[in-house]
Amino acid sequence: MLVVQKYGGTSVETPEKILSVAQKVSQAYDEGNQIVVVVSAMGKTTNYLIDLLHKVNRDPNPREYDMVVSTGEQISIALLASAMSKMGKQAVSLTGFQAGIDTDSNHARAKLKRVYRGKILSLLDEGKIPVIAGFQGVSPSGDITTLGRGGSDTTAVAIAYALDADVCEIYTDVDGVYAADPRYVENPRHIEKISYDEMIEMAAHGAKVLHLRAVELARRYRVPLIVRHAHIGGRETRIGEVEKMEEPLVRALTVDEGIAKVVLERVLDKPGIAAKIFKKLADYQISLDMIVQSMHKDGRNDVAFTVAKDDLQDTLNAMNEIKDEVEAKAVHYDDTIAKVSIVGVNILGSPEIIYGMFNTIASEDVNIDMISSSNSRVSCIISKSKIGKVADALAERFKLKAL
Ligand code: ADP
Ligand code: ASP
Ligand code: MG
C-alpha cells in the first residue's frame, strides 16, 4: 500500500514523541508499505513564531509572515528524518518547495495549485521515506507561502491525491472524530464512520480536528481519510462515502469561538450597497460565514456578518474604507460571541430537530443573536460566556454523549 501519514503538532511536541512517531512510521514501512510523511510544527511553535513576529511588527508584511511561520515545519521534518535514520531508515526531509507544492500568491491563506509528484515518487522508488513539511508551498514568484492555520491536513490530502495513495491517515491527539469537541462536552460519542459532507459541515463550523479544505479536497477526489491517535492504538474514524439514512439525525455538535461579528450600522437601503460591501471583502480575500440584514423604517439597513477572528483587523480596515461610500453611520465589532452548530444529513427538513435546538437554548435562558442554516446544519450565535452550558445541554438533548 501507498500510505500518506500526517502527524500534527501535539504528536511531535517533544523529542520523545518524535522518536515514538519515527518508530510508528518505521513499523508501517517494515510491514511492506510505501510511506510518505507530512508533519506539522512542534507543539505550539507556530503560535510562538506569530507572537515573536508581532513583537517586532504588529502588522507584518504577508511575505515575511509566511517566511517566519513556515520555519516551524522545517524544524520538525529534519528532526523526524534524523530520528528515523537512527532507526536505520532512509528518510529525506523536504520543504514544501522541495517537495514540489505550488500555491497561489495569497500569503497566509494560500490555495494549493498543484503538487509535482516527480521528486516524491523518485524517493519512494529508491525505498526512501519522504518527510514533507505541512502547511507550506511556493508561490509563482518563488516565495514561501502558508495555507492558513491547521493547513498541514490539507497538504497531506493533496499529496495523497497527487500520488493516488491508498489512504491518507491523520494522526493527532484524539482517537478519532467525536460527536462533540471533548473540550466542551464531557464524554461525547465516538464516531466510527462519517460522510465527507457531514465532516465538511463539522470542520467548517469549529471542529478543528480536520482542516476544512482537507476534507473538501478529500471529497472532491474521493481520498479515503482515517483519523487516529498518534501514540495510543485502538479506535479510529473513517471519513468517506456512507450510505444515506432515511431519517434525519443529529450526528454531531460543533463550537466555534474563533469568530467575530462586524456590523455596518444604518447603511443606505438601495440597490448595489451589499454588492459594494462584499466586493470590498472579496478584494481583501476575507471569507464570510453568516450574513444578516435587518431593516429600519427610515430607508436604512444594518448589515451584520461574521468572520474568522484572525481576519477581524483586515475586515475592519476594509469596512472603514467603504464606510463613507455606503453612508454607514458606524462600524462596530463584537468578539465576545461564539457559534454552536448541530450537524446531520437533511436536518433542516426536520422541524422537530430545529425546534429542539432553539427550545434547548431557550431552556438555558440564553439569547440567540444570529441564526444560519444549510441542508445539513443549523448554527446559532450566542454569547461566548454561555457556550459551555449550551453545548452540554444540546449534547444531552440530541443524545451525543457516550452511553
Ligand atoms: P493536530 O495538531 O494534530 O492537527 P488539532 O489540535 O488541529 O490537532 O486537532 C485535534 C483537536 O481537535 C482535538 O484535540 C480536539 O480538541 C479538537 N476537536 C474539535 N472537535 C472535535 C471533534 N468533534 N472530535 C475530535 N476532536 C475534536
Ligand atoms: N503548524 C501550523 C499551525 O499551527 C499548521 C498545522 O499545524 O496544521 O497552524
Ligand atoms: Mg490540526
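All residue numbers refer to positions in the sequence shown, counting from 1. One-based numbering, in listed order, for ligands and for the atoms of each.
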For residues 31-42, run the donor-acceptor check on the side chains, cut-off 3.5 Å, and write out each pair with its distance to 0.1 Å, sequence neighbours left out.
unit_1	atom_1	unit_2	atom_2	d
Asn33	ND2	Ala28	O	2.9
Ser40	OG	Ser152	OG	3.1

Exercise for the section: Mark yes or no for whether Thr237, through its side chain, and Ile191, through its backbone, hold a donor-acceptor pair below 3.5 Å. Expected result: yes
Problem - Atoms of ligand 1 close to Ala180 [distance to a heavy atom under 4.0 angstrom, numbered from 1] - result: 23 (N)
Exercise for the section: For the residue pair His190 and Tyr178, categorise the inter-ring angle as parallel (less than 30°), tilted (30 to 60°) or perpendicular (more than 60°). Expected result: perpendicular
Practice task
Would you mind listing every side-chain hydrogen bond (donor to acceptor under 3.5 Å, both in side chains) that reaches into residues 330-344, with sequence neighbours excluded?
Solution key: His205-Lys339, Glu265-His332, Asp289-Lys339, Asp334-Thr336, Ser341-Ser379
Fill in the blank from the handout: Ranked by distance from atom 6 (O) of ligand 1, the top protein heavy atom is Lys208 NZ, 3.2 Å
Practice task
Could you say whether the N/O atoms of Glu73 and ligand 2 ever approach to under 3.5 Å?
Solution key: yes
Exercise for the section: Side-chain contact test, heavy atoms from C-beta onward, threshold under 4.5 Å: evaluate it for Ile291 versus Phe278 and give yes or no. Expected result: yes
Fill in the blank from the handout: the protein heavy atom lying closest to atom 16 (O) of ligand 1 turns out to be Arg183 NE, 3.1 Å
Fill in the blank from the handout: Here the atoms of ligand 2 under 4.0 Å from any heavy atom belonging to Gly150 are 3 (C), 5 (C), 6 (C), 8 (O), 9 (O)
Problem - Any His211 heavy atom less than 4.0 Å from ligand 2 - result: no
Exercise for the section: Using distance alone, determine whether Ser40 and ligand 2 share an N or O pair under 3.5 Å. Expected result: yes
Exercise for the section: Report yes or no: does Arg189 contribute a side-chain atom to a donor-acceptor pair with the main-chain N or O of Ala402 at less than 3.5 Å? Expected result: no
Practice task
List every atom of ligand 1 that sits less than 4.0 Å from any heavy atom of Tyr178, numbering the atoms from 1 in the order shown and giving each element.
Solution key: 22 (C), 23 (N), 24 (N), 25 (C)
Exercise for the section: Below 4.0 angstrom from a heavy atom of Lys6, which ligand 1 atoms are there? Numbered from 1 as shown, please. Expected result: 4 (O)
Exercise for the section: Just jot down the ligand 1 atoms closer than 4.0 angstrom to any heavy atom of Gly176, in number order. Expected result: 25 (C)
Problem - Charged N-O contact under 4.0 Å between Arg213 and Asp153 - result: no
Handout entry: Over 12 non-hydrogen atoms of neighbours within 6.0 angstrom of CG in Asp125
Key = yes
Exercise for the section: Starting from atom 2 (O) of ligand 1, find the nearest protein heavy-atom neighbour and note its residue, name and distance. Expected result: Gly9 N, 3.2 Å
Practice task
Return yes when atom CD of Glu186 has more than 12 non-hydrogen atoms of other residues, nucleotides or ligands closer than 6.0 Å, and no otherwise.
Solution key: no
Fill in the blank from the handout: Looking only at non-hydrogen atoms, the one of Val255, Val343, Asp181, Thr237 nearest atom 19 (C) of ligand 1 is Asp181
Handout entry: Gly8 touching ligand 2 at heavy-atom level, < 4.0 angstrom
Key = no
Practice task
Quick one: look up the protein heavy atom nearest atom 13 (C) of ligand 1 and list residue, atom name and how far away it is.
Solution key: Asp173 OD1, 3.4 Å
Practice task
State whether Arg149 and Asp310 are salt-bridged, where the test is any N-O pair (Lys NZ or Arg NE/NH1/NH2 against Asp/Glu carboxylate O) under 4.0 Å.
Solution key: no
Fill in the blank from the handout: If we number the atoms of ligand 1 from 1 as shown, the ones under 4.0 Å from a heavy atom of Thr172 are 1 (P), 3 (O), 8 (O), 9 (O), 10 (C)
Handout entry: Contacting atoms of ligand 1, where contact means under 4.0 angstrom from a heavy atom of Ala207
Key = 19 (C), 20 (N)
Problem - Contacting atoms of ligand 1, where contact means under 4.0 angstrom from a heavy atom of Met202 - result: 23 (N)
Practice task
Among all protein heavy atoms, pick out the one at the shortest distance from atom 27 (C) of ligand 1; state its residue, atom name and that distance to 0.1 Å.
Solution key: Val209 CB, 3.7 Å
Problem - Stepwise side-chain contact (heavy atoms from CB on, under 4.5 Å) test for Leu348 and Ile354 - result: CA-CA 7 Å; Leu348 194 61; Ile354 310 295; 3.9 Å; yes
